[in-house]
Amino acid sequence: MMDKTFDPTSVEDRIAGLWDRAQAFKAGRPDRAGAEPYCIVIPPPNVTGSLHMGHALNNTLQDVLCRFERMRGRDVLWQPGMDHAGIATQMVVERQLAERQQPDRRAMGREAFLARVWEWKAESGGAIKGQLQRLGASCDWSRERFTMDEGLSRAVLEVFVRLYKDGLIYRDKRLVNWDPKFQTAISDLEVEQKEVKGNLWHFRYAVEGSDRTITVATTRPETMLGDTAVAVHPDDERYRDLVGKTVVLPLVGRRIPIVADEYSDPEKGSGAVKITPAHDFNDFEVGRRHGLRLINVFDAEAKLDIAGNEAFLDGLPASGDLDEVLTLHGLDRFAARKRVIAMMEARGLLDLIEPNVHTVPHGDRSGEVIEPWLTDQWYVDAKTLAQPALAAVREGKTRFVPRNWEKTYFDWLENIEPWCVSRQLWWGHQIPAWYGPDNTVFVEKSAEEAAAAARAHYGRDVELRRDEDVLDTWFSSALWPFSTLGWPDRTPELARYYPTDVLVTGFDIIFFWVARMMMMGLHFMEEIPFHTVYIHALVRDEKGAKMSKSKGNVIDPLQLIDTYGADALRFTLAAMAAQGRDIKLSTQRVEGYRNFATKLWNAARFAEMNGCERSEGFDPSAVGEKLNRWALSEYARAVREVTAGIEAYRFNDAANAAYRFVWNVFCDWYLELAKPILMGEDGPAKAETRASIAHVIDGVCKILHPFMPFLTEELWAIKGAAGPLRPEAERVLALSAWPEAADFSAPEAEEEIGWLIDLVTEIRSARSETNVPAGAQIPLVLVSASGPTRERALSWGDMLKRLARLSDVAFADAAPAQSVQVVARGEVAALPLAGVVDLDAEKQRLAKELDRIAADVRKVESKLGNADFMARAPEEVVEEQRERLADSQARAAKIRDALARLSKAG
RNA sequence: GGGCGGUUAGCUCAGCUGGUAGAGCGUCUCGUUUACACCGAGUAGGUCGGGGGUUCGAGUCCCUCACCGCCCA
């Protein structure tokens, strides 16, 4: 006997074990050797990460697709793994060292530090794997990969070297986004622009050889030490005569030109702007246009670096001001700012302080203000690689769902900047570049090959120095769709599963990952990495705010799984995953779907209690009982709806279709209507009904399995234990066959059962509204019943009595006096209730209904009376309206009649 | 400043190619019936953000305004 409720915690573990033993998720199962492959690569979570709601949604949807396709017979590979998260991981381990008061990474050295990171990874990395398993993710865990694995590292080497040799990777001295906290460069995408309240300081610079001054406004006064020009707009009358003149930079004494450049905005500040090409991206461009010097005044920690700085000191005359400035050496940029302002003010050169809101770049990991800083870094020529990636989507080879994300993808790729891929970290793929004594660079896959190349170059053996830096984590992630399949080796998996089918991810990752996978896949595999990119929503809290630790509004998916079960969480996420909308998650909703799980469980329990066992060779088309035929046709409809929903990535539609069928059709009506048969005498009808119910429960397990894998697999096992042994291929639900979306329909059964349902619903409603006590058994009179209605009423009389609480079902040519009347499927039924019913309430009820119908009649009449409508609307629409009018009029007539009768009698 | 999305029942949201406004939760009323109170029956609740247009017909298409959110400068 089944328990009264489904207990997820006790079942989930056991079912996970069952899948494991059956190797249900293993790709390349021998029994599917001839099957079409289906492949999804997981967006690799950070090795430092733990499951948050975004992961839960992302992986639920992937799992729905994978389980669905697996049941449709495909050879599914859901490729799992993690990335090494360069900065995040290094940060975790460094923090750990500090906490334990152990030597820091520089003290322990690179090799020892990396050993330490691997140690950390083995112990506490990858907690998310177990969490994904708790969610029920049907990944092929035997194929788990890690971006720092030997194989994937080989792919990285191969890619780097080949891109370098193709001229698509190069070393360049440019401004980068420098994170002074981590002391590494980061890419544009890892920078967050934040609005900050600050000031515009207006400084006066003296024009050489005149008594004029020119005022520049800046949000970053400390950078003035590195100024190499002042720019004005070429059309700005105020400054036209100054262009070409020289300004003496205050405090420093550097002579710098006034240049005309459109970058300067005449409307902003004073219209003149200081140019610091080594510390500002826009200034860098201005400097390039005018051949300006680049003077870097910061060190890697963003402290002033001016004493002994040749570029800074070059050409400066000695002065008291300069000496004072040099005392700022080593000061942090923000402290230096205050001092510079104070010095300018002391000299009467500070014109104005104007409050100003402006955007300031911050490192997304460190939160630190990013410093544009001039360094040598490695760059990928993203622009070139972007072209095939753009073309593939334009030509429809890869399709975004929903489609509008294409625009985001295009906009970014069309305006793409060189991708800075070097990071000044230790944890990651060390760049395979070696430098000779004269800094000639040799990019090769190994030290040996580099040495050989150097020998060829120099004509002798020389000492080589390897580049210290590592690659951006996203560099290795970009290779994920093929590196995980064994590339650069030509493995059978690569041949079978590449290109993969669908990539499922959030929109925030389109730039970071989707675009880069497209570039790399197209370049190295010469084929798109996936034909569809499904972009899902962001999960927000119930008020619509982005979940974040700092806001404290994070809902922990694991806690929801503990409380309501993994199935309830999954179903909630799928049911709310409407395209193009964010998900505002509330636990109430999860609770509701937990209740749904319990409902299905109890339906199965009821079936068990009533001996509804599967029967060998059950054939829906051979079923004779109207009720069963009706249920089977409704089930077929549900199969079609769920199938279509998943196929179209309309997960909410699919989930809701299954929900409606299970609760509102199967539980509310099928089981209720079957009760008398099940509790009645044994016979063919009872046997057929039992088998049919068992069949539908099996079917429900199937269509719900992608959404609620644990519950359904458990039910499948319970139902499998009774009755005939399941065939080998159907032992494990996860591997069983998805139901054929057969065209099973039974219109005659729908007419009969539909009539019954409508009539019961009408009577219940009328009883309730006229205040008939719930316990009262009242008679029903079918008025002028047609032949078919008579037959139905006879065969369903007991059921009518039971569901509508009737004492008797009779027939008459006219409705009795003082009766409550309802209309079901065009025929009148009366409840003679003199004395029982509140006649005024009944009059009100009828009047209200009449109003409603009359309004409808008016609406349709005006439509049909409209010559334009009649002339222009399609015939079937007109016909539909005619039918609607006739129905409404007939119904209205019957209600008027009933009202009249009530008044006469009352 | 540019782009994208949103505004539909008290709340959270569906509503695909224009043709009778839906669901879940919550509210209220009732509950005899051995699958289920994590339940059952019933009920109320909407001028689909405002304005204009196209159309026989607009929640749906177009324009415009307002407010909210996100992305990119």
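Keep in mind it's a predicted model, so treat the numbers as computed, not measured. Below, read A as the first sequence line, B as the second, and so on, with proteins coming before strands; counting in each chain starts at 1. Only heavy atoms go into these numbers, but all of them, side chains included; no hydrogens, no water, no symmetry mates.
Separating the P atom of B:A21 from that of B:G46 is a span of 15 Å, rounded to the nearest Å. Here, B:A37 and B:C30 have their C1' atoms 14 Å apart, quoted to the whole Å. Remark: the separation of the P atoms in B:G22 and B:A9 is 14 Å, to the nearest Å. Here the separation of B:G15 from B:G2, taken at their C1' atoms, is 31 Å to the nearest Å. When the C1' atom is compared between B:G50 and B:A66, the two are found 7 Å apart, to the nearest whole Å. Remark: the separation of the P atoms in B:G51 and B:G59 is 13 Å, to the nearest Å. Annotation: B:C65 and B:U27 have their P atoms spaced 42 Å apart (nearest Å). Remark: the separation of the P atoms in B:C61 and B:A14 is 15 Å, to the nearest Å.
The minimum heavy-atom distance between A:R570 and A:T60, with the atom names listed, is O-CG2, 3.6 Å.
Within 4.0 Å (heavy atoms only), A:E608 reaches no atom of the nucleic acid at all. Residue A:R767 is classed as having no contact, given no heavy-atom separation below 4.0 Å to the nucleic acid. At the heavy-atom level, A:T761 lies under 4.0 Å from the strands shown only through sugar-phosphate atoms.
Judged by distance alone, with hydrogens and angles left aside, the side-chain atoms of A:R764 form a donor-acceptor pair with the main-chain N or O of A:L803 at under 3.5 Å. Judged by distance alone, the side chain of A:R891 and the main-chain N or O of A:V823 form a donor-acceptor pair under 3.5 Å. Between the side chain of A:E12 and the main chain of A:A566, a donor-acceptor pair closer than 3.5 Å is present.
The side chain of A:N404 has B:C4 as its nearest neighbour among B:A14, B:C4, B:C30. Checking B:G3, B:C70, B:A14 against every side-chain atom of A:F507, the shortest atom distance belongs to B:C70. Closest to the side chain of A:S765, out of B:U20, B:U43, B:C56, is B:U43.
Separating the NZ atom of A:K194 from the P atom of B:C71 is a distance of 12 Å, rounded to the nearest angstrom. The nearest whole Å value for the distance from the CZ atom in A:F869 to the C1' atom in B:U55 is 13 Å. One atom, CG of A:L560, and another, P of B:C38, lie 19 Å apart when rounded to the nearest Å. Taking atom CD1 of residue A:I757 and atom C1' of nucleotide B:A41, one finds them 15 Å apart after rounding to whole Å. Computed from coordinates, the A:L806 CG to B:U32 P distance equals 18 Å when rounded to whole Å. What separates CG of A:N652 from P of B:C13 is a distance of 13 Å, to the nearest Å. Atoms CD1 (A:I416) and C1' (B:A73) sit 16 Å apart, rounded to a whole Å. Taking atom CD1 of residue A:I535 and atom P of nucleotide B:C70, one finds them 19 Å apart after rounding to whole Å.
Ring centers of A:F707 and A:Y593: at least 6.0 Å apart, outside the cut-off.
To the nearest 0.5 Å, atom CH2 of residue A:W601 and atom CZ of residue A:F6 are 6.5 Å apart. Between the NZ atom in A:K719 and the CG atom in A:D698 there is a gap of 8.5 Å [rounded to 0.5 Å]. For the atom pair CZ of A:F661 and CD of A:E641, the computed distance is 10.5 Å after rounding to the nearest 0.5 Å. Atom CZ of A:R805 and atom CZ of A:R767 lie 7.5 Å apart (nearest 0.5 Å).
Under 3.5 Å, the side chains of A:T5 and A:D7 contain no donor-acceptor pair of N or O atoms. A:N664 and A:Y659 form no side-chain donor-acceptor contact under 3.5 Å, judged by distance and modelled atom types alone. With 3.5 Å as the limit, one finds no donor-acceptor pair spanning the side chains of A:T587 and A:Y564.
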Pull out every protein N or O sitting under 3.5 Å from an N or O of nucleotides 34-36 of chain B, one pair per line with the distance.
from, atom 1, to, atom 2, distance (Å)
B:A35, OP1, A:K675, NZ, 3.4
B:A35, O3', A:R605, NH1, 3.4
B:A35, O2', A:N602, OD1, 2.9
B:A35, O2', A:R605, NH1, 2.7
B:A35, N7, A:K675, NZ, 3.3
B:A35, N6, A:C667, O, 3.3
B:A35, N6, A:E672, OE2, 3.2
B:A35, N3, A:N602, O, 3.1
B:A35, N3, A:A603, N, 3.3
B:C36, O4', A:N602, OD1, 3.1
B:C36, O2, A:K599, NZ, 2.9
B:C36, N3, A:K599, NZ, 2.9

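For the pair A:W412 and A:R872, nearest-nucleotide mapping onto RNA chain B gives the more 5' position to A:R872. Each of A:A575 and A:T359 has a nearest nucleotide on RNA chain B; the 5'-most of these lies closest to A:A575.
Base pairing in RNA chain B gives the following stems of 3 or more Watson-Crick or G-U pairs, range against range and under 3.5 Å: B:1-7 with B:66-72, B:10-13 with B:22-25, B:28-31 with B:39-42, B:49-53 with B:61-65.
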Worksheet item: What string of B, S and - do you get for nucleotides 21-29 of chain B 5' to 3' if you count protein non-hydrogen atoms under 4.0 Å?
Response: ----S----
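The side-chain heavy atoms of A:Y534 and A:L61, taken from C-beta on, include a pair separated by under 4.5 Å.
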